[in-house]
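Contents: one structure, followed by commentary.
Given the structure is predicted, the values throughout are model-derived calculations rather than measurements. Convention: sequence-line order gives letters A, B, ...; per-chain numbering from 1.
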Number of protein chains: 2
Amino acid sequence: MDEETDGIPQNRPAARDIDATDRKILGVLVDDATISYAELGERVGLSPPAAHERVKRLRRSGAIRNTAAIIDPKAVRKPLLAFVHIDTKGWGKTPELMAISEHPEVEEIHSVAGDTCMLIKVRTEDTRALEGLLSRLYETPGVTSTRSYVVLSTYLERPVQPGITTEWPTPRHMAKPLY
Amino acid sequence: MDEETDGIPQNRPAARDIDATDRKILGVLVDDATISYAELGERVGLSPPAAHERVKRLRRSGAIRNTAAIIDPKAVRKPLLAFVHIDTKGWGKTPELMAISEHPEVEEIHSVAGDTCMLIKVRTEDTRALEGLLSRLYETPGVTSTRSYVVLSTYLERPVQPGITTEWPTPRHMAKPLY
DNA sequence: ATTGATACAGAATTTAATACGGTCATTATT
DNA sequence: AATAATGACCGTATTAAATTCTGTATCAAT
């Protein structure tokens with residue numbers, strides 16, 4: 001029940017840096033966010049209220065965007081995953097992006113270096129639904145061509161793991177490029 | 001606190017089909033899994049214990065894989081996202097996949113139709129870390145070539161949404177392909 | 001040294017999760 | 001067709017956790 005002065009996220013006073021304890025907390029909560037604060041505190045070496053405080057701060061600062069149920073795509077009968085390239089020649093960005101994100105099958109939209117295209121990830125029930133989506137995409141203003149890659153099997157899908165590259169003992173300023 | 005006879009998920013007695021209420025529940029929990037069962041029940045038209053029962057079943061059946069905190073990659077200083085194609089000529093699958101998933105920067109591994117390659121999604125702190133990962137990947141047994149696409153900007157990243165294609169009024173057997 | 005701010009722990013309180021009957025409707029079984 | 005068995009639900013009771021409150025130690029800045 002974090003109360004904001006209104007619904008829009010404010011510019012916060014420069015959220016303090018994430019420390020090692022915060023990373024531990026994130027690591028635990030990425031794995032399982034249903035545990036109690038007592039359990040969380042025990043795992044990271046804090047009292048329940050202290051752990052609670054940390055989590056609240058991580059939420060406020062935006063480090064924890066959301067706490068969500070991860071759904072098995074098969075359970076909702078959307079086992080077909082595909083990546084689609086969309087040609088983006090002469091785009092004004094926002095309106096076209098909005099139009100694309102209207103399609104609920106679209107899970108991700110990325111701009112890719114090295115080509116004037118977007119890479120979008122879509123999930124549908126079967127190939128016919130993918131076909132339908134592609135034709136709807138093609139009718140979307142700004143989309144001049146699409147090229148889709150169906151995924152045969154997915155072997156790994158995991159959330160962002162905190163504290164991997166950042167756990168390095170060498171701070172950034174010590175990693176001097178040689179070139 | 002679901003107790004299993006042991007840690008390994010059992011073959012369950014053919015988990016009953018997901019109905020409209022289940023999809024509503026999934027839809028709510030994908031959006032925010034921190035709400036109380038009272039709140040959840042109110043939104044889907046159930047008493048708190050009934051909502052609780054449903055959620056427990058969805059967990060047991062695997063429809064809800066887990067409940068996780070969604071982390072902002074920038075907060076853990078891994079703003080660089082890339083997709084990497086890996087040549088998979090002459091693979092025995094499992095050992096090579098295991099070797100690749102060892103790298104913690106790897107978030108997804110997909111097999112793609114139309115080419116003998118894997119598409120993997122990786123996230124690192126910067127280009128140097130990506131370079132390091134790529135060279136480590138190249139040293140991984142089974143990887144003979146890599147081709148990476150750096151993502152300039154990401155405009156949308158959202159979890160699997162239940163009940164979109166499945167909300168269709170036409171059941172599957174009525175959608176007869178013409179070909 | 002003194003003030004102010006922050007992070008924390010422990011206890012108290014409020015709120016939610018969970019367990020427990022009991023009812024109704026639906027589905028199998030005899 | 002009658003009856004048992006099951007499953008889904010609600011209302012209530014109990015247990016457990018979230019949240020609030022208060023005091024203390026630590027650190028930074030004045």
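Legend: residues meeting side-chain hydrogen bond (donor to acceptor under 3.5 Å, both in side chains) with B/Thr154, ordered by chain and number and at least two apart, are A/His110. Qualifying side-chain contact (heavy atoms from CB on, under 4.5 Å) partners for B/Ala38, counting only residues two or more places apart in sequence or in other chains: B/Ser36, B/Pro48. Legend: residues meeting side-chain contact (heavy atoms from CB on, under 4.5 Å) with B/Asp32, ordered by chain and number and at least two apart, are B/Thr34, B/Ile35. Taking B/Glu108 as the reference, A/Lys121, B/Lys121 meet the salt bridge (Lys or Arg N to Asp or Glu O under 4.0 Å) condition, with sequence neighbours excluded. Shown here are the side-chain contact (heavy atoms from CB on, under 4.5 Å) partners of B/Thr144, two or more places apart in sequence or in another chain: B/Asp87. The side-chain contact (heavy atoms from CB on, under 4.5 Å) test applied to B/Arg57 returns B/Arg16, B/Asp22, B/Arg54, B/Arg60, not counting sequence neighbours.
For residues 23-77 of chain A, the ring pair (Phe, Tyr, Trp, His ring centres under 6.0 Å) pairs, not counting sequence neighbours, are A/Tyr37-A/His52. Sorted by first then second residue, the ring pair (Phe, Tyr, Trp, His ring centres under 6.0 Å) pairs that include residues 59-81 of chain B, not counting sequence neighbours, number zero. For the side-chain hydrogen bond (donor to acceptor under 3.5 Å, both in side chains) condition, the pairs that include at least one residue of residues 38-48 of chain A, sequence neighbours left out, are A/Glu39-A/Arg43.
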Check step by step if side chain to side chain contact (heavy atoms under 4.5 Å, CB included) holds for A/Glu53 and A/Lys56. CA-CA 5 Å; A/Glu53 268 306 316; A/Lys56 274 201 293 190; 3.4 Å; yes
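Comparing D/dA17, D/dA8, C/dT18 by their closest approach to the side chain of B/Arg54 singles out D/dA8. Among the nucleotides D/dC9, C/dA19, D/dT20, the one closest to any side-chain atom of B/Lys56 is C/dA19.
From one end of the helix from C/dA1-D/dT30 to C/dT30-D/dA1 to the other, with five pairs defining each end axis, the axis direction shifts by 30° (rounded to 10°).
A heavy-atom distance below 4.0 Å to DNA chain D is reached by these residues of residues 42-53 of chain B, ordered by number: B/Leu46, B/Ser47, B/Pro49, B/Ala50.
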Pairs: protein N or O with nucleotides 24-28 of chain D N or O, under 3.5 Å:
none

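As a whole-Å value, the separation of B/Glu39 CD from C/dT15 C1' is 14 Å. What separates CZ of B/Arg57 from C1' of D/dA8 is a distance of 8 Å, to the nearest Å. Atom CG of B/Asp17 and atom C1' of D/dG7 are 16 Å apart (whole Å). The interatomic distance linking A/Tyr37 (OH) with D/dT20 (P) rounds to 11 Å, in whole Å. Straight-line distance from the CG atom of B/Leu58 to the C1' atom of D/dA8: 14 Å, rounded to whole Å. If you take CG of B/Asp22 and C1' of D/dG7, they are 13 Å apart, rounded to a whole angstrom. Summarising the geometry, the separation between CG on A/Asp19 and P on C/dT6 is reported as 15 Å, rounded to the nearest angstrom.
Comment: A/Arg123 engages A/Glu107 in a salt bridge, judged by a side-chain N to carboxylate O separation of less than 4.0 angstrom.
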